[in-house]
2 protein chains.
Amino acid sequence: MDIQRKDVHNSDLPVLCQACESRHRGVCGALTPDQLLQLSKHSTRRTLEPGAELAGESIQTKTYSNIISGVVKLSKMMADGRQQIVGLQFAPDFLGRPFRKENGVSAEAATGVKVCSFPKQVIERMIGEMPELEHKLLEQTLDELDEARNWMLTLGRKTAGEKVASFLLLIATHAFPDNESDSVEFELPMSRMDIADFLGLTMETVSRQLTKLRADGVIRIINNRHVEVPDIARLSDRAGM
Amino acid sequence: MDIQRKDVHNSDLPVLCQACESRHRGVCGALTPDQLLQLSKHSTRRTLEPGAELAGESIQTKTYSNIISGVVKLSKMMADGRQQIVGLQFAPDFLGRPFRKENGVSAEAATGVKVCSFPKQVIERMIGEMPELEHKLLEQTLDELDEARNWMLTLGRKTAGEKVASFLLLIATHAFPDNESDSVEFELPMSRMDIADFLGLTMETVSRQLTKLRADGVIRIINNRHVEVPDIARLSDRAGM
DNA sequence: TGATGTCCTTGATTCTCATCAAGTCAGGCA
DNA sequence: TGCCTGACTTGATGAGAATCAAGGACATCA
């Protein structure tokens, strides 16, 4: 019940959603108090375990969700089982594909995740009434497109070492978007295998590159998940930026 | 000037743009005749040579454009010169980033290209007046996001051979979106080097994989650019689909 | 006709990362 | 306490793609 405000970093939004008890940009940020109240009636909150599936690749989903806390991974799979994670979504992102029948990607909780879901119908009707809402969706979609294209550069042209450094940088940035200091620490939101699937590598290569970064003093790792970065600029160098 | 209708495949749009003398989905498809007339006054048509730059990575662009014919490549570059093509845009796509100052990617003509350009201001004002226009933009942006994510799977998880086959399939699909027969032929819109930059490979590897596809009878290549695919299903197999 | 340049192909070698196989570590549980 | 399990690390080996280096093919131009 006590939603941490720090989870919700993009807090220039004035409205507090009745359903999620949270501010977020995905959808609710654009709604009027009346609409929020109406939305609240149709929305449900859920808590998901790591690994729980939110949506399948070609399954029709009847709901949209706002991520309240946690990290969701979006992935695609080939017929023979090779997998690629094509995006990560953090609170307070919006989850779901407006005006599309199929998802195109499957969505799975990477960490424990809290979401606030509501039926497509309701949101799509509201979009019709409120151009502002559609504008929000366009903005988020443009952001996701930027991230996807940045990641294409990473996948296509970076070495294993640069990829792993880029990943750490990405997580650090999303965990503390406003970080000013030159050091940072955070928890990795996913397993070595997931990281490998995100970077187009194998688990072993990810492990080796992490070991190398550690040996070179660029990072410290405690307990397999907790990462300390004493000097972000050095990590950034390693990422090829 | 006799714009070929076949260039504009998404022809469910009723309106013929006065400026471009063409139907297309990018923007004009959503406008009223009055607005089209108004837009015509501000728009200019340009013909670009292959290699001509339409927009730089961090340069502010003051115009939007519809692609009338030809192929535009969107790319990102690292400090040391490594390059990745992050998207291809075909007629009748819309080119430009609504509501963003910077492009994030640089846009360059891959083939000879005809575009119809107009000032950002004009379009952004029209968007304010017409939610329908914003909806069109959202739809295109969602399409581009899908394509980007599909390509991430290709970049991260496919072998060199699968990548090259995937590329050929992509071009075939865009050149003839409604193709029903099981054979197809087309012109490659870009050089081996560009293909390599799109696939995250070297020129030499692209060349070798094309040679192998040819040796196996999956494709025929005439004059370095003209490609014949006798059996699309075989090519599709090679692409790992 | 031959010289030049560009784009592409082919060959030889190197190197990065995947694969296969142990081995380590921490937590859960009898 | 010791065993078990799952997640991660480390090591040895090999395959696939990059790199380095020639060698065509084709057009332009003198």
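Letters A, B, ... are given to chains in the order of the sequence lines, protein chains preceding strands, and every chain is numbered from 1.
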Salt bridge [X]-[Y], side-chain N to carboxylate O under 4.0 Å:
X: B:Arg100; Y: A:Asp143; result: yes
X: B:Asp216; Y: B:Arg238; result: yes
X: B:Arg97; Y: A:Asp146; result: yes
X: A:Arg225; Y: A:Glu187; result: no

- Message: Taking the ring centre of each residue, are B:Tyr64 and B:Phe94 less than 6.0 Å apart?
- Response: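 Yes, ring centres under 6.0 Å apart.
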- Query: With distance as the sole criterion, do the side chain of B:Arg214 and the base of C:dT10 form a donor-acceptor contact below 3.5 Å?
  - Reply: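 Counting by modelled atom types and ignoring angles, no donor-acceptor contact under 3.5 Å is found here.
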- Query: What about A:Glu204, does its side chain sit under 3.5 Å from the base of C:dC20 through a donor-acceptor pair?
  - Reply: yes
- Looking only at heavy atoms, which two atoms of B:Gly70 and B:Thr111 are closest? And how far apart?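 Closest heavy-atom pair between B:Gly70 and B:Thr111: CA-OG1, 3.4 Å.
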- Comparing A:Arg225 and B:Gly200 on DNA chain D - which has the more 5′ nearest nucleotide: A:Arg225
- Could you check which residues of residues 152-168 of chain B get a heavy atom under 4.0 Å from DNA chain D? Sort them by number, please. B:Thr159, B:Ala160
Starting from [atom2] on [N], measure out to [atom1] on [X] and report it in whole angstrom.
X: A:Ile221; N: C:dC25; atom1: CD1; atom2: C1'; answer: 14 Å
X: B:Met193; N: C:dT9; atom1: CE; atom2: C1'; answer: 15 Å
X: B:Leu213; N: C:dC8; atom1: CG; atom2: C1'; answer: 16 Å
X: B:Ile222; N: C:dT9; atom1: CD1; atom2: P; answer: 14 Å
X: A:Asn223; N: C:dC25; atom1: CG; atom2: C1'; answer: 11 Å

- If each of B:Met190 and B:Arg208 is mapped to the nucleotide of DNA chain C with the nearest heavy atom, which maps nearer the 5' terminus, i.e. the 5' end?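 Upstream on the strand: B:Met190.
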- With heavy atoms under 4.0 Å as the rule, sort B:Thr202 into base, sugar-phosphate or nothing.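 Counting heavy atoms under 4.0 Å across all strands, the contact made by B:Thr202 includes a base.
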- Under 4.0 Å between any heavy atoms, over every strand shown, what does B:Leu201 touch: base, sugar-phosphate, or nothing? Just pick one.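 Contact class for B:Leu201: sugar-phosphate only.
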- Item | Overall bend - the helix from C:dT1-D:dA30 to C:dA30-D:dT1, comparing terminal axes fitted on five pairs, nearest 10 degrees |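 End axes: 10° apart.
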- side-chain contact (heavy atoms from CB on, under 4.5 Å) partner of B:Met190, the single match among B:Asp197, B:Ile85, B:Val71: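 Exactly one pass, corresponding to B:Ile85.
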- Query: Using 30° and 60° as the class limits, which term best fits the ring planes of A:Phe198 and A:Trp151: parallel, tilted or perpendicular?
  - Reply: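 Judged by the thresholds at 30° and 60°, the geometry between A:Phe198 and A:Trp151 is parallel.
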- Task: Check for a donor-acceptor pair, side chain of B:Thr173 on one end and backbone N or O of B:Leu169 on the other, with a separation under 3.5 Å.
- Result: yes
- Would a distance-only check, ignoring hydrogens and angles, find a side-chain to backbone donor-acceptor pair under 3.5 Å from B:Lys76 to A:Leu153?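 Looks like no, no N/O pair under 3.5 Å.
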- Worked verdict on B:Asn150 versus B:Leu170 for side-chain contact (heavy atoms from CB on, under 4.5 Å): CA-CA 11 Å; B:Asn150 275 328; B:Leu170 178 79; over 6 Å; no
- On DNA chain D, which is the earliest and which the latest nucleotide, 5' to 3', with an atom closer than 4.0 Å to a heavy atom of chain A? D:dC8 to D:dA12
- CD on A:Gln84 to CZ on B:Arg149, rounded to 0.5 Å: 12.0 Å
- Query: Does A:Thr205 place a side-chain N or O at less than 4.0 Å from the phosphate oxygens OP1/OP2 of C:dA18?
  - Reply: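 Looking at the OP1 and OP2 atoms of C:dA18, one of them is under 4.0 Å from a side-chain N or O of A:Thr205.
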- Message: Does C:dT9 have OP1 or OP2 under 4.0 Å away from a side-chain N or O of B:Arg192?
- Response: yes
